[in-house]
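Notes to accompany the following structure.
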Protein chains: 2
Amino acid sequence: MFSKACEYGIKATIYIAVRSNEDKRVSLKGIANHIDSPEAFTAKILQMLARENIILSVRGINGGFEIEKSRLEHIKLADIVKAIDGDNIYKGCGLGLSECNELHPCPVHFEFKKVRDDLRELLETTNLKSLAMDVSSGVSFLRI
Amino acid sequence: MFSKACEYGIKATIYIAVRSNEDKRVSLKGIANHIDSPEAFTAKILQMLARENIILSVRGINGGFEIEKSRLEHIKLADIVKAIDGDNIYKGCGLGLSECNELHPCPVHFEFKKVRDDLRELLETTNLKSLAMDVSSGVSFLRI
DNA sequence: TTTTATTCGGACAAAAAAGTCCTATTTTGG
DNA sequence: CCAAAATAGGACTTTTTTGTCCGAATAAAA
């Protein structure tokens, strides 16, 4: 469904959110450890997210990554996915036709409509804060 | 969502179904032309589908691919997807956790449940015959 | 001011996916 | 039987994705 990069990106952002909510900044190493991802590759993904202003990166000693607490509620899963994988997952044609729409549909267009729309809805409404809260409270997990 | 191979596989199978329903056998070349796919690559995918007994391949002059008419209704999208991409799309964890379930969920597990289940339902119930009929009647399209 | 702990970013490497090419095999029609 | 028209399948190439390495830049602490 998502690329590996996107999976790491989502997990990393959630972990940064968890710690930011506790007013802590986290290092690349800390992130990679907590989400069980390859460090150097994760660094690339965090760079992308920082360039898209989804997370804030701070260089130097005691540096790391953080997210402004007040923004946690307003950052949606869709923002992360779009920054890394683009929006083809929930906007593109299920069979890869370049011109697929209600008037010129691929064979699975209408069947997929509901799934695609639900996925879009989900990504566009699920916010970082609630995802982070579930992890903090032990309701959900970022690894294994 | 699906790999390129799977997209080609689905389109190819639908096209074979369309022609089988008219009691015609189709050649690789005919398939690749109609679904706008790379011929040699499509050949590999058709081999996979034939090995999985989803389609029947016939060698030699006047050879090609076909599907027993009576089976069209019973072959589901899920059969094709499973043969090519496996069932990770609708069975695996959205964030790639190896052990993600109701008791040890990833942060998006419950949010994704509906989408995943709907996708599975869709793939497991949509049959080749109805997809082929829509193409035959000009309701849906296999290319552009 | 120097050391140290960080991220940044470019170049590289490995693995997987996508795609090509060529020869062997099969089948049928002449 | 032979030639022609197909698919089968192995080896190969290209592209994309995933992942690594290392030096430069940065910022704080000593």
Side-chain angles (χ1 to χ4, degrees), chain A residues 1-13 15-16 19-20 24-33 35-67 81 83-86 88-89 92 95-96, chain B residues 1-13 15-16 19-20 24-33 35-67 81 83-86 88-89 92 95-96:
Chain A
M1 177 145 253
F2 301 124
S3 68
K4 273 286 161 199
C6 194
E7 288 179 5
Y8 295 148
I10 293 171
K11 288 186 277 191
T13 310
Y15 182 62
I16 298 169
R19 303 306 298 278
S20 294
K24 302 280 187 197
R25 184 183 288 163
V26 272
S27 69
L28 167 62
K29 199 166 301 212
I31 295 168
N33 281 157
I35 70 171
D36 192 24
S37 67
E39 200 175 311
F41 190 44
T42 305
K44 300 294 183 197
I45 298 159
L46 293 172
Q47 276 175 49
M48 284 199 253
L49 294 170
R51 273 187 234 118
E52 297 286 331
N53 296 307
I54 291 169
I55 62 178
L56 179 69
S57 78
V58 181
R59 283 187 176 193
I61 236 169
N62 298 326
F65 300 88
E66 59 181 70
I67 302 172
V81 173
I84 301 175
D85 278 353
N88 222 332
I89 326 115
L95 298 184
Chain B
M1 177 144 251
F2 301 125
S3 68
K4 274 285 161 199
C6 194
E7 288 178 7
Y8 296 148
I10 293 171
K11 288 188 279 191
T13 310
Y15 182 63
I16 297 168
R19 303 307 298 280
S20 294
K24 302 280 188 198
R25 184 183 289 162
V26 272
S27 69
L28 167 62
K29 200 167 301 213
I31 295 168
N33 281 156
I35 70 172
D36 192 24
S37 66
E39 200 174 310
F41 189 43
T42 305
K44 300 294 183 197
I45 299 158
L46 293 173
Q47 276 174 48
M48 283 199 255
L49 294 171
R51 275 193 289 260
E52 297 288 329
N53 297 308
I54 291 170
I55 62 177
L56 179 69
S57 80
V58 180
R59 283 186 175 195
I61 238 171
N62 299 327
F65 300 88
E66 60 182 68
I67 302 172
V81 172
I84 302 174
D85 277 354
N88 222 330
I89 327 115
L95 297 185

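Worth knowing before you read on, the calculation uses all heavy atoms, side chains too, and leaves out hydrogens, waters and symmetry mates. Chain letters run A, B, ... following the sequence lines, proteins first, then strands; residues in each count from 1.
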*Give me the first and last nucleotide of DNA chain D, going 5' to 3', that has any atom under 4.0 Å from a heavy atom of chain A.*
D:dT18 to D:dA29
Protein-nucleotides 13-16 of chain C N/O pairs closer than 3.5 Å?
none

*Taking C-beta and beyond as the side chain, do B:Leu56 and B:Phe65 meet within less than 4.5 Å on heavy atoms?*
no
*Between C:dA17 atom P and B:Asn88 atom CG, what is the distance in whole Å?*
12 Å
*Interatomic distance, B:Lys4 NZ vs C:dT20 C1' [rounded to whole Å]*: 17 Å
Reported [atom1]-to-[atom2] distance for the pair [X] and [Y], which is rounded to 0.5 angstrom:
| X | Y | atom1 | atom2 | answer |
| --- | --- | --- | --- | --- |
| B:Leu46 | B:Ser27 | CG | OG | 10.5 Å |
| B:Ile89 | B:Cys6 | CD1 | SG | 6.0 Å |
| B:Leu28 | B:Gln47 | CG | CD | 9.5 Å |

*At under 4.0 Å between heavy atoms, what does B:Arg51 touch on the DNA or RNA strands: base, sugar-phosphate, or nothing?*
sugar-phosphate
For [X], which residues count as a side chain to side chain donor-acceptor pair (under 3.5 Å) partner, sequence neighbours excluded?
| X | result |
| --- | --- |
| A:Arg25 | A:Glu66 |
| A:Thr42 | A:Ser37 |
| A:Tyr15 | A:Arg19, A:His34 |

*For residues 38-50 of chain A, which residues have at least one heavy atom under 4.0 Å from DNA chain D?*
A:Pro38, A:Ala40, A:Phe41, A:Lys44
*Residues of residues 52-65 of chain A with any non-hydrogen atom less than 4.0 angstrom from an atom of DNA chain D: list those, numerically ordered, please.*
A:Arg59, A:Gly60, A:Ile61, A:Asn62
*Ignoring hydrogens and geometry, is there a side-chain-to-backbone donor-acceptor pair from B:Lys29 to B:Glu39 under 3.5 Å?*
no
*Can you list the residues that meet the salt bridge (charged side-chain N to carboxylate O under 4.0 Å, His left out) rule with A:Lys4, with sequence neighbours excluded?*
A:Glu7
_Minimum heavy-atom distance between A:Ile35 and A:Ala12, given as atom pair plus value_ = CD1-N, 3.7 Å
*Give the minimum heavy-atom separation between B:Phe2 and B:Asp85, together with the two atoms involved.*
CA-OD2, 3.6 Å
*How far does the helix from C:dT1-D:dA30 to C:dG30-D:dC1 bend, going by the axes of its first and last five pairs, to the nearest 10°?*
10°
_For A:Ala5, give me all partners under side-chain contact (heavy atoms from CB on, under 4.5 Å), at least two apart in sequence or on another chain._
A:Ser3, A:Phe41, A:Ile45, A:Ile84
_Partners meeting side-chain contact (heavy atoms from CB on, under 4.5 Å) with A:Arg59 (sequence neighbours left out)_ = none
Atom pairs and distances, donor-acceptor, side-chain atoms in residues 48-55 of chain B, under 3.5 Å, two or more places apart:
none

